[in-house]
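One structure is given below, encoded as structure tokens.
This chain uses plain numbering: 1 for the first residue, then up along the sequence. These values consider heavy atoms only, across backbone and side chains, with no hydrogens, waters or symmetry-generated copies.
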Amino acid sequence: MSETPIDSSKRTWLIASGCAGAVGGVATAVPFVSTFEPSERAKAAGAPVEVDISALKPGEKITVEWRGKPVWIVRRTPEQLAALPSLDPQLADPKSERKPNELTPPYARNEARSIKPEVLVAVGICSHLGCSPSDKFTPGAQPSLPDDWKGGFLCPCHGSTFDMAGRVFKNKPAPDNLEVPPHMYLSETKLLIGEDKKA
């Protein structure tokens with residue numbers, strides 16, 4: 001039985017095209033398979049955020065991003081804290097009883113809506129149409145605010161007002177208080193936003 005000799009140029013062509021096909025297949029498969037894994041940005045968007053609040057002075061606010069939302073951390077002054085109980089009759093939900101599990105975790109269902117009274121942690125998105133309220137910490141009469149204003153937040157879109165605990169005033173477009181995200185203290189000056197249980 002005689003063997004047919006294989007043309008060396010055909011062999012080279014077959015090997016080259018086979019290799020090119022394999023490389024093309026791998027090049028196509030890698031991006032396809034990688035779509036099943038979340039991107040680094042997606043991982044970061046849902047991951048808890050650690051915040052150092054050691055430099056935050058009374059009356060100041062910092063904003064961090066968690067899950068694409070602005071989260072405010074405000075160190076309230078003694079005067080701002082003292083004013084909170086007096087506002088209860090003017091508020092739509094002073095005890096945070098509406099949607100308690102959705103908007104206010106159990107450890108923040110108090111007058112200050114916080115773990116530590118002086119530190120407010122709240123999502124800075126109005127519960128009406130998703131605008132971001134402005135800081136109006138200075139007490140007293142101001143445009144779009146009552147003459148007896150004690151300090152808080154004003155949503156410029158439709159005029160909803162919130163006190164220094166993120167509680168909405170009555171008869172405003174916003175139906176609910178500002179959301180308090182899950183959070184916990186890792187130390188006296190370090191907060192973890194997005195998680196409230198130690199694993």
Side-chain angles (χ1 to χ4, degrees), residues 34-77 80-81 84 92-93 96 98-138 144-145 151-169 172-199:
S34 70
T35 61
F36 290 108
E37 289 187 30
S39 67
E40 288 304 314
R41 185 173 180 176
K43 287 178 192 171
V49 178
E50 195 172 308
V51 187
D52 183 350
I53 60 168
S54 59
L56 192 62
K57 294 181 176 67
E60 290 184 346
K61 177 186 97 173
I62 58 172
T63 304
V64 297
E65 187 178 340
W66 170 69
R67 292 190 175 175
K69 302 175 188 176
V71 174
W72 298 337
I73 303 166
V74 181
R75 188 176 294 276
R76 294 174 284 209
T77 65
Q80 290 167 336
L81 279 172
L84 292 179
D93 185 18
S96 299
R98 288 188 203 162
K99 302 182 185 175
N101 296 328
E102 185 181 330
L103 297 174
T104 312
Y107 47 81
R109 286 185 212 142
N110 51 51
E111 197 85 56
R113 295 185 80 223
S114 60
I115 298 171
K116 293 184 178 185
E118 69 277 10
V119 180
L120 170 69
V121 179
V123 175
I125 298 175
C126 180
S127 57
H128 180 221
L129 291 176
C131 303
S132 188
S134 305
D135 303 347
K136 296 293 179 183
F137 295 170
T138 306
S144 303
L145 294 170
F153 308 93
L154 167 69
C155 186
C157 301
H158 299 95
S160 294
T161 48
F162 302 85
D163 74 350
M164 288 301 297
R167 301 177 298 173
V168 69
F169 283 83
K172 298 294 179 176
D176 296 303
N177 295 336
L178 297 178
E179 176 189 354
V180 174
H183 65 282
M184 62 189 216
Y185 284 86
L186 300 175
S187 71
E188 282 299 307
T189 58
K190 281 207 175 158
L191 264 171
L192 188 66
I193 312 292
E195 191 175 309
D196 54 10
K197 293 181 180 80
K198 292 184 179 174

Pairing residues for Thr77 by the side-chain contact (heavy atoms from CB on, under 4.5 Å) criterion, not counting sequence neighbours:
Pro58, Glu79, Gln80
Looking at residues at least two apart in the chain, or sitting in another chain, which of them share a salt bridge (charged side-chain N to carboxylate O under 4.0 Å, His left out) with Glu50?
Lys190
Main-chain N/O of Asp176 paired to Ser127 side chain as donor or acceptor, under 3.5 Å:
yes
Test item: Asn177 side-chain N/O and Val168 main-chain N/O as donor-acceptor pair under 3.5 Å
yes
Closest non-hydrogen contact found for Ala165 with Leu84 is N-CD2, 3.9 Å
Check salt bridge (charged side-chain N to carboxylate O under 4.0 Å, His left out) between Arg167 and all other residues, then give those that pass, not counting sequence neighbours.
Asp88, Glu111, Asp163
If only atom types and distance count, is the side chain of Arg75 paired as donor or acceptor with the main-chain N or O of Leu56 below 3.5 Å?
yes
Closest non-hydrogen atoms of Met164 and Leu120, given as atom of the first, atom of the second and distance, are O-CD2, 3.3 Å
Minimal non-hydrogen separation, Trp66 against Pro181, with atom names:
CZ3-CB, 3.8 Å
Do the side chain of Tyr107 and the main chain of Asp196 share a donor and acceptor less than 3.5 angstrom apart?
no
Sub-3.5 Å donor-acceptor pair from the side chain of Arg109 to the main-chain atoms of Thr104, do we have one?
yes
Measuring from Ser54:OG to Glu188:CD, what's the distance to the nearest 0.5 Å?
12.0 Å
Run the salt bridge (Lys or Arg N to Asp or Glu O under 4.0 Å) test on Glu60 and Arg76 for me, step by step, so that the C-alpha distance in whole Å, both residues' side-chain angles and the decisive distance to 0.1 Å come before the verdict.
CA-CA 7 Å; Glu60 290 184 346; Arg76 294 174 284 209; over 6 Å; no
Check SG atoms, Cys157 and Cys131, less than 2.5 Å apart
yes
Reported CD1-to-CD distance for the pair Ile193 and Glu195, which is rounded to 0.5 angstrom
11.5 Å
Separation of Ser187 OG from Asp52 CG (nearest 0.5 Å)
7.5 Å
Can a donor-acceptor pair be found, under 3.5 Å and without considering hydrogens, that links the side chain of Asp135 to the backbone of Phe137?
no
Using only atom types and a distance under 3.5 Å, with no angle test, would you say the side chain of Thr161 pairs donor to acceptor with the backbone of Phe169?
no
Side-chain heavy atoms of Pro156 within contact of Ser134, under 4.5 Å
yes
Correct closest heavy-atom pair for Trp72 and Ser132 would be CZ2-OG, 4.0 Å
Minimal non-hydrogen separation, Pro133 against Cys126, with atom names
CD-N, 3.8 Å
Cation-pi geometry met for Lys116 and Tyr185 (6.0 Å, 45°)
yes
Tightest non-hydrogen contact, residues Leu81 and Pro117, listed as CD2-O, 3.1 Å
Quick check: does any side chain N or O of Ser160 sit under 3.5 Å from a backbone N or O of Ala174, one acting as donor and the other as acceptor?
yes
